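Take a look at the structure below.
Chain letters run A, B, ... following the sequence lines, proteins first, then strands; residues in each count from 1. All of these numbers come straight from a predicted model, not from anything done at the bench.
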2 protein chains.
Amino acid sequence: MSEPDVFSALSNPVRREILLQLRKGPRAVNDLASGFNLGRPAVSEHLQVLRKARLVREEPRGRERYYHLDPRPLSEVDDWLKAFTHYWKQRLAALEDVLDEESRK
Amino acid sequence: MSEPDVFSALSNPVRREILLQLRKGPRAVNDLASGFNLGRPAVSEHLQVLRKARLVREEPRGRERYYHLDPRPLSEVDDWLKAFTHYWKQRLAALEDVLDEESRK
DNA sequence: TTGATACGTCGGAAATATCCGACGCGTCAA
DNA sequence: TTGACGCGTCGGATATTTCCGACGTATCAA
């Protein structure tokens with residue numbers, strides 16, 4: 001019943017790790033689950049969240065399901081961050097100025 | 001009892017909006033709360049989450065508390081995304097290839 | 001001092017998230 | 001066909017999140 005919210009999908013460390021794993025190539029569910037200290041149902045439910053956020057895609061191969069990474073929705077997060085990039089580089093520059101100031105004393 | 005987790009802090013749309021608002025400058029709590037359809041305690045608790053994630057800093061001014069944006073922890077998210085940027089540009093390029101292929105038909 | 005304002009936080013309600021065991025369905029190998 | 005495997009999903013337990021009203025504390029204006 002939840003919406004496909006990319007930010008919410010990324011809020012869980014297991015789901016973030018799944019995405020990192022999938023960079024190396026598609027993986028079947030049991031294969032993925034063996035890497036975590038979690039049961040298969042839990043991993044399967046995490047994959048459902050990632051699927052709803054369109055961050056992964058499933059490819060059935062016989063009785064297995066290989067999950068593929070689809071990183072495109074991550075651009076939403078990237079775009080959101082861009083609203084701060086300028087400001088935070090500004091702040092980093094200001095911080096450096098302070099540090100320079102301090103080191104000159 | 002929760003840790004200062006930047007990803008979790010960003011998972012809530014109210015908190016994301018608070019951060020966007022604070023780009024324009026520091027704001028007092030009631031001032032912030034009036035912008036949302038939320039009571040002050042709720043906003044105050046969102047600010048606590050953001051404070052634990054070190055995304056905001058408080059500056060007491062008399063009986064008010066002005067909250068300042070500190071975007072530096074966002075670099076953690078940015079760094080995490082960088083683990084995908086290359087891959088996803090690759091995927092976008094592949095997508096464009098497919099589209100080119102299609103349009104040539 | 002007195003009354004109003006700004007805020008944090010507690011207690012509790014309601015919703016949501018996380019996880020597991022159990023079950024059912026489709027697929028494979030024999 | 002039979003039995004084992006891979007998977008999704010349901011029911012339910014537990015934990016966490018989100019929100020509010022109520023309260024206490026500090027500050028301000030008069």
Open item on the list: Is B:Ser44 close enough to C:dC7 that one of its side-chain N or O atoms is under 4.0 Å from OP1 or OP2 there?
Closed with: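 For C:dC7, neither OP1 nor OP2 has a side-chain N or O of B:Ser44 closer than 4.0 Å.
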- [ ] Could you tell me whether the phosphate oxygens of D:dT17, OP1 or OP2, come under 4.0 Å of any side-chain nitrogen or oxygen in B:His46?
- [x]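 Looking at the OP1 and OP2 atoms of D:dT17, neither is under 4.0 Å from any side-chain N or O of B:His46.
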Open item on the list: Among residues at least two apart in sequence or on other chains, which ones pass salt bridge (charged side-chain N to carboxylate O under 4.0 Å, His left out) with B:Lys82?
Closed with: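 Checked B:Lys82 against salt bridge (charged side-chain N to carboxylate O under 4.0 Å, His left out); matches are B:Asp78, B:Asp79.
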Open item on the list: Among residues at least two apart in sequence or on other chains, which ones pass salt bridge (charged side-chain N to carboxylate O under 4.0 Å, His left out) with B:Glu59?
Closed with: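 For B:Glu59 the salt bridge (charged side-chain N to carboxylate O under 4.0 Å, His left out) partners, ignoring immediate neighbours, are B:Arg61.
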Give me the distances for all protein-to-nucleotides 22-30 of chain C N/O pairs that come in under 3.5 Å?
none

Starting from [atom2] on [N], measure out to [atom1] on [X] and report it in whole angstrom.
| X | N | atom1 | atom2 | answer |
| --- | --- | --- | --- | --- |
| A:Lys52 | D:dT9 | NZ | P | 8 Å |
| A:Asp5 | D:dT17 | CG | P | 16 Å |
| B:Arg65 | C:dT5 | CZ | C1' | 14 Å |

Task: Separation between CH2 of A:Trp80 and CG of B:Leu10, rounded to the nearest 0.5 Å - done: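 Going from CH2 on A:Trp80 over to CG on B:Leu10, the span is 5.0 Å.
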Open item on the list: Could you measure the distance from the CZ atom of A:Phe84 to the CG atom of B:Leu22? Nearest 0.5 Å is fine.
Closed with: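 Here the rounded value is 8.5 Å.
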Open item on the list: Need one value for B:Tyr67: base, sugar-phosphate or nothing, where a base atom within 4.0 Å counts as base even if backbone is also close, heavy atoms only.
Closed with: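 Here B:Tyr67 touches the backbone only, sparing every base.
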- [ ] Under 4.0 Å between any heavy atoms, over every strand shown, what does A:Leu47 touch: base, sugar-phosphate, or nothing? Just pick one.
- [x]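 It contacts nothing in the nucleic acid.
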Task: Polar side-chain contact A:Glu45-C:dC20 base: donor and acceptor under 3.5 Å - done: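 When only heavy-atom distances are counted, A:Glu45 does reach the base of C:dC20 through a donor-acceptor pair under 3.5 Å.
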Open item on the list: Using a strict heavy-atom distance below 4.0 Å, which residues from residues 8-37 of chain B are in contact with DNA chain D?
Closed with: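 Heavy-atom contacts with DNA chain D come from B:Asn12, B:Arg15.
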Open item on the list: Between the opening five pairs and the closing five pairs of the helix from C:dT1-D:dA30 to C:dA30-D:dT1, how far apart are the helix axes, to 10°?
Closed with: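 About 30°, once rounded to a multiple of 10°.
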TODO: Quick one: list whatever passes side chain to side chain contact (heavy atoms under 4.5 Å, CB included) with B:Ala83, sequence neighbours left out.
DONE: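 So B:Ala83 forms a side chain to side chain contact (heavy atoms under 4.5 Å, CB included) with A:Leu20, A:Arg23.
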Task: Residues that A:Pro41 engages under side chain to side chain contact (heavy atoms under 4.5 Å, CB included), provided they are two or more places apart - done: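 Scan of A:Pro41 (side chain to side chain contact (heavy atoms under 4.5 Å, CB included), adjacent residues dropped) gives A:Glu45.
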Run the side chain to side chain donor-acceptor pair (under 3.5 Å) test against [X] and tell me which residues pass, sequence neighbours left out.
| X | result |
| --- | --- |
| A:Glu17 | A:Gln21 |
| B:Ser44 | none |
| A:Arg51 | A:Tyr67 |

Task: For A:Tyr66, all residues meeting ring-ring contact (aromatic ring centres under 6.0 Å, His included), sequence neighbours excluded - done: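 ring-ring contact (aromatic ring centres under 6.0 Å, His included) list for A:Tyr66, sorted by chain: empty.
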Taking distance alone, no hydrogens or angles, what donor-acceptor pairs closer than 3.5 Å link side-chain atoms of residues 28-37 of chain B to residues at least two apart or in another chain?
from    : atom 1 : to      : atom 2 : distance (Å)
B:Asp31 : OD1    : B:Arg27 : NH2    : 3.4
B:Asp31 : OD2    : B:Arg27 : NE     : 2.7
B:Ser34 : OG     : B:Asp31 : O      : 2.7

